[in-house]
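A short worksheet on the structure shown next.
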Amino acid sequence: MINVTLPDGSKREFADGASPLDVAESISKSLAKKALAARVNGELRDLKRPLDADCAVAIVTDKDPDGLELIRHDAAHVLAQAVQALYPDAQVTIGPVIDDGFYYDFARKTPFSTDDFDKIEAKMKEIVDADYPIVREVWEKDAAIAEFKRIGEDYKAQIIDDIIPPGEAITLYRQGDWFDLCRGPHLPSTGKLPKAFKLMKMAGAYWRGDSKNEMLQRMYGTAWANEKDLKEHLTRLEEAEKRDHRKLGRQLDLFHMQEEGRGMVFWHEKGLTLWRVIEAYVRRRLEAANYVEVRTPQVLDRKFWEQSGHWEKYRENMFVCETEEDETLSLKPMNCPGHVQIFKFGQKSYRDLPLRMAEFGACHRYEPSGALHGLMRVRAFTQDDAHIFCREDQIEEETANFITLARSIHADFGMETDHIALATRPEKRAGSDEFWDKAETQMLSAARAAGVEPVIAEGDGAFYAPKLDFVIKDAIGRTWTCGTIQLDYVLPERLGAEYIAEDGQKHRPVMLHRAILGSLERFIGVLIENYAGAFPMWLSPVQVVVAAISDDAAGQYAEDVAAELRKAGLRVEVDRRNETINYKVREHSLAKVPVIAVVGAREAQERKLALRRLGSNGQQIITLDEALVSLAEEALPPDVKRAR
RNA sequence: GCCGGCAUAGCUCAGCUGGUAGAGCACCUGAUUUGUAAUCAGGGGGUCACGGGUUCGAGUCCUGUUGCCGGCACCA
C-alpha cells in the first residue's frame, strides 16, 4: 500500500503501482480529465508514472504555471513530430520552452519558410486529434545513441553522448511512431495538448549557440491553455508593436537613421529636447552625489589603446583612421583610459578618494551589422559614464551607494528594472580564484546592502572582474542592459594610476566603471517604449500646445499665453493655423502632447484657458494665472520637485 | 558576421498569372474663421533601393550589391 498526502493535507491509500492519475481519479472524474501531470514530493512527474513510495501528490492542470510549461514543451514535441512527418529530411535537435511559447531547432538543407506554417500547424492538429499516448521509456545511454544514429538523428546522438555521463540511463518519450530524447515529464497523450498554439517565426540559430558551428533553422511558436489566452497574447503583441521606439521615433519626430550612417542617430529637435532634459536631470543627480564632470578627447593615438589593452582585444570593433603624418588614431570606444589620464595628472592623495569622475562620453564602436537595432544598439552612442577611483575597502560602500542612486534614478523615469544580474567569472579570465571569490562576494554583499538580490548570470562577467547589470525590458519583452557597475583592478595597473596613501607610499586605486542609463540612446529607446511615446510632463518635448479656435478671435491671445507659459519655464507651441479645433485637438493628441490649452473668444475675454489632458476628453477651465503656477509645478523634474 | 524575409510618393499601403504606376494621409493653392480626435475643392509629387541579366516589353522573372526586419552569434 502507498500512502498519499494531498495538498489539502488529507491522506489516502492506494495499491502498489498506483499512479498520480489514479490519485486524480479518486478525487474526481473531472480532475482526472483535466490532469496534465503531477508534483510528487515536489518533483514534476508524468501522470501515469507509478508512485514508488509514500508521498505527497499535487495534480497539475492547465491552470498551473507548471501546466502551461508542460503544454509548451509538448507543443515543441508535436511540432517536431509534425515537421518530421512532412519533411523526412529534417533532423531534430533541441526544443525548449521559452517565455510565452517554445521553439524547435531543425537541421535541414532546404530552408523552411513561414509559408510552410499552415501545413505544419494542420499536421500538428492532426497529431493532437490522433491522441497518441505519450510513453516514457528508460534507455541505456549507448543503446539510445545507437538507436538515434540508426534513424539518422546525428545531433540527438551527439547530445546524448555529450551531456549524459557514461553508464547513466536516459529517458525517451514516444508518441505514435515518433520519439525524442527528453527528461520529461510530458502530458499523458497528445490529445491533451490544447490546440491554442501558433507558429510565429523562423530564424537561424547556431548549433549549440556557437558561431563556429553550422546554422540550424529555428521555428518559434506560442502555446496556451486555451484559444482565449492565445488570442489575448496575439493582441498584446500587436499592441506592443505600436510602442516600438523606431516607429514612434518617426511619428513623434524625435530622430531618424539612414543608410549613410548605419547605427548612427540623427536627433531631431524634439528628440534632442528629450535628451537634454534627461542629461540635465542626471547631471543634477550626479552633482548631488558628489561626482565631478570631465570631458576627454574623441580621438586618440593607437599607442594609447595598445597600452590600455583595447587594441589587442577589440581592434576589429574600433573606428580607426590614419593621418597624413602616418599616425594611426582611433575614435574612443570607451572613456575609461581618458579618465585615468585625468586621474594621473598631478598627484592624488588618499584624501582625494573616492574620486567619482563622470562624463557624458560619446563613444564609437564598430558593432557587427547584425547587432544594430534602432536606438538600442548603435555604433555611436553617449554613455552616462563615470569611474570611481577608490581604495579596496571602499568598493562595497561605493557599489551599494551606486545601486541606490541608480535605482532612484530609474524610478524617477518610471522604469521598472526587470532584474539586476550579477555576472560572475567567465571561462577566460584574468586573476586567481581567490580574487574572483572575493570580488564576487563584494559585489553580492554590496547589492544586498542596497536591498537588492541579484540574479546570477554565470560566466557573464568581464574578463577582469564581475559586474552588476541593470536589465530592463522593452515593449516586446526583449531585455537590454541599462546601467552597470564593474570592478576593475586591471586598467589602473596597465595605465599606471596611483595615489599616495597614509603610509606615504604609492598605491594602486581600484576603478569602478559605472553607468546608470547605459547610453542615452538606448535609454531613450526604452523610455519611448515604456511610455508608448506619451511622456510625463517633465520629459515631454512639447509640454503645452496653445490652440486657438479661430485666429481672428484668439490668435494674439494664444501668443500672449504661450509667452507667459514660456516665461514660467514650459516648452510651448502655438497653433494658430486656419483649421478646426477638432483637427488641432486630434493632431496634437496623436503627437502625444500632454496638455492642449484651447483658447477662443471667451478665454481671451476672461484671460482663461481650457486645458485638455492627453487621454481624457474633459476640459478644465482655469485662469491663466492659475495655469502658470500649476503647469509649471507639474512640469518640474522629480528631483527638483522633491527639493521644494 | 550568420540564417531567413522584406524594399513602390514624405508616411501607411494597393498593384492578379510580365503590357511602360495607384489610394488614403501628409504637402502646396484657394475657399471657409471654426468650441475639444479628420471642413471643402483643386494641384504638385515616384529612374518602383541600386547595378546587371532574361524578354518585343520588367515594379512584377533571374542575379549581384546595399539597407531594413526577425532571430542567432557578439555586446570591452
- Query: For the residue pair His373(A) and Trp480(A), does the interplanar ring angle fall in the parallel (under 30°), tilted (30 to 60°) or perpendicular (over 60°) class?
  - Reply: tilted

- Would you call the rings of Phe389(A) and Phe343(A) parallel, tilted or perpendicular if under 30° counts as parallel and over 60° as perpendicular? parallel

- Message: If you count every heavy atom of other residues, nucleotides or ligands that lies below 6.0 Å from Glu306(A) atom CD, does the total exceed 12?
- Response: yes

Taking the side chain of [X] as its heavy atoms from C-beta onward, which of [options] lies nearest to it?
{"X": "Ser211(A)", "options": "rA73(B), rA76(B), rA37(B)", "value": "rA73(B)"}
{"X": "Tyr206(A)", "options": "rC72(B), rC74(B), rU36(B)", "value": "rC72(B)"}
{"X": "Ala610(A)", "options": "rU36(B), rU12(B), rA73(B)", "value": "rU36(B)"}
{"X": "Arg250(A)", "options": "rA76(B), rA73(B), rU12(B)", "value": "rU12(B)"}
{"X": "Val585(A)", "options": "rC75(B), rU36(B), rG4(B)", "value": "rU36(B)"}
{"X": "Val598(A)", "options": "rU36(B), rG4(B), rC2(B)", "value": "rU36(B)"}
{"X": "Glu259(A)", "options": "rG71(B), rU66(B), rA73(B)", "value": "rU66(B)"}
{"X": "Ala203(A)", "options": "rG1(B), rG35(B), rG71(B)", "value": "rG71(B)"}
{"X": "Lys201(A)", "options": "rU33(B), rA76(B), rG71(B)", "value": "rG71(B)"}

What is the distance from [atom1] of [X] to [atom2] of [N], rounded to the nearest Å?
{"X": "Asp116(A)", "N": "rC3(B)", "atom1": "CG", "atom2": "C1'", "answer": "15 Å"}
{"X": "Met376(A)", "N": "rG70(B)", "atom1": "CE", "atom2": "C1'", "answer": "15 Å"}
{"X": "Asp115(A)", "N": "rG5(B)", "atom1": "CG", "atom2": "C1'", "answer": "10 Å"}
{"X": "Leu614(A)", "N": "rU36(B)", "atom1": "CG", "atom2": "C1'", "answer": "13 Å"}
{"X": "Arg246(A)", "N": "rU12(B)", "atom1": "CZ", "atom2": "C1'", "answer": "17 Å"}
{"X": "His268(A)", "N": "rC11(B)", "atom1": "NE2", "atom2": "C1'", "answer": "14 Å"}
{"X": "Asp385(A)", "N": "rA76(B)", "atom1": "CG", "atom2": "P", "answer": "13 Å"}
{"X": "Met215(A)", "N": "rC2(B)", "atom1": "CE", "atom2": "P", "answer": "10 Å"}

[atom1] atom, [N] versus [M]: distance in rounded Å?
{"N": "rU17(B)", "M": "rC75(B)", "atom1": "P", "answer": "45 Å"}
{"N": "rA7(B)", "M": "rC48(B)", "atom1": "C1'", "answer": "10 Å"}
{"N": "rA9(B)", "M": "rA49(B)", "atom1": "C1'", "answer": "14 Å"}
{"N": "rG1(B)", "M": "rA38(B)", "atom1": "C1'", "answer": "47 Å"}
{"N": "rC16(B)", "M": "rG59(B)", "atom1": "C1'", "answer": "14 Å"}
{"N": "rG10(B)", "M": "rU47(B)", "atom1": "P", "answer": "8 Å"}
{"N": "rC11(B)", "M": "rA73(B)", "atom1": "P", "answer": "33 Å"}

- Considering non-hydrogen atoms only, spot the tightest contact between His387(A) and Met511(A) and give its length. CD2-CE, 3.6 Å

- Query: What are the two closest non-hydrogen atoms of Ser589(A) and Arg612(A), and how far apart are they?
  - Reply: OG-NE, 4.4 Å

Would one find a side-chain N or O of [X] under 4.0 angstrom from OP1 or OP2 of [N]?
{"X": "Arg208(A)", "N": "rA73(B)", "value": "no"}
{"X": "Lys313(A)", "N": "rA76(B)", "value": "no"}
{"X": "Arg218(A)", "N": "rG4(B)", "value": "no"}
{"X": "Ser369(A)", "N": "rG1(B)", "value": "yes"}
{"X": "Arg262(A)", "N": "rU66(B)", "value": "no"}
{"X": "Thr580(A)", "N": "rU39(B)", "value": "yes"}
{"X": "Lys584(A)", "N": "rA38(B)", "value": "no"}
{"X": "His373(A)", "N": "rG70(B)", "value": "yes"}
{"X": "Tyr583(A)", "N": "rG35(B)", "value": "no"}

- Under 6.0 Å from the six-membered ring centre of Trp224(A) and within 45° of its axis: does the NZ or CZ of Arg72(A) meet both? yes

So what does [X] touch, heavy atoms closer than 4.0 Å: a base, only the sugar-phosphate, or nothing?
{"X": "Ile549(A)", "result": "base"}
{"X": "Glu603(A)", "result": "base"}
{"X": "Gly618(A)", "result": "nothing"}
{"X": "Tyr103(A)", "result": "nothing"}
{"X": "Ala553(A)", "result": "nothing"}
{"X": "Tyr220(A)", "result": "sugar-phosphate"}
{"X": "Lys467(A)", "result": "sugar-phosphate"}

Watson-Crick or G-U wobble partner for [N], using a 3.5 Å limit on both distances?
{"N": "rC2(B)", "result": "rG71(B)"}
{"N": "rA14(B)", "result": "none"}
{"N": "rU29(B)", "result": "rA41(B)"}
{"N": "rU55(B)", "result": "none"}
{"N": "rA7(B)", "result": "rU66(B)"}

- Task: Assign each of Gln217(A) and Gln619(A) to its nearest nucleotide of RNA chain B by heavy atoms, then name whichever residue's nucleotide is nearer the 5' end.
- Result: Gln217(A)

- Query: Pick the nucleotide of RNA chain B nearest each of His310(A) and Gly374(A); which residue has the one closer to the 5' end?
  - Reply: Gly374(A)

- Query: Do you see a donor-acceptor pair shorter than 3.5 Å between the side chains of Tyr464(A) and Gln486(A)?
  - Reply: yes

- Message: For Thr93(A), is there any backbone N or O sitting under 3.5 Å from a side-chain donor or acceptor partner on Lys156(A)?
- Response: yes

Does [X] get its side chain close enough to the base of [N], under 3.5 Å, for a donor-acceptor pair?
{"X": "Tyr366(A)", "N": "rG1(B)", "value": "no"}
{"X": "Arg365(A)", "N": "rC74(B)", "value": "no"}
{"X": "Glu367(A)", "N": "rG1(B)", "value": "no"}
{"X": "Arg612(A)", "N": "rA37(B)", "value": "yes"}

- Message: I'd like to know if Arg356(A) and Glu398(A) make a salt bridge, using a cut-off of under 4.0 Å between side-chain N and carboxylate O.
- Response: yes

- Is a salt bridge present between Arg577(A) and Glu587(A), judged by a nitrogen-to-oxygen distance below 4.0 Å? yes

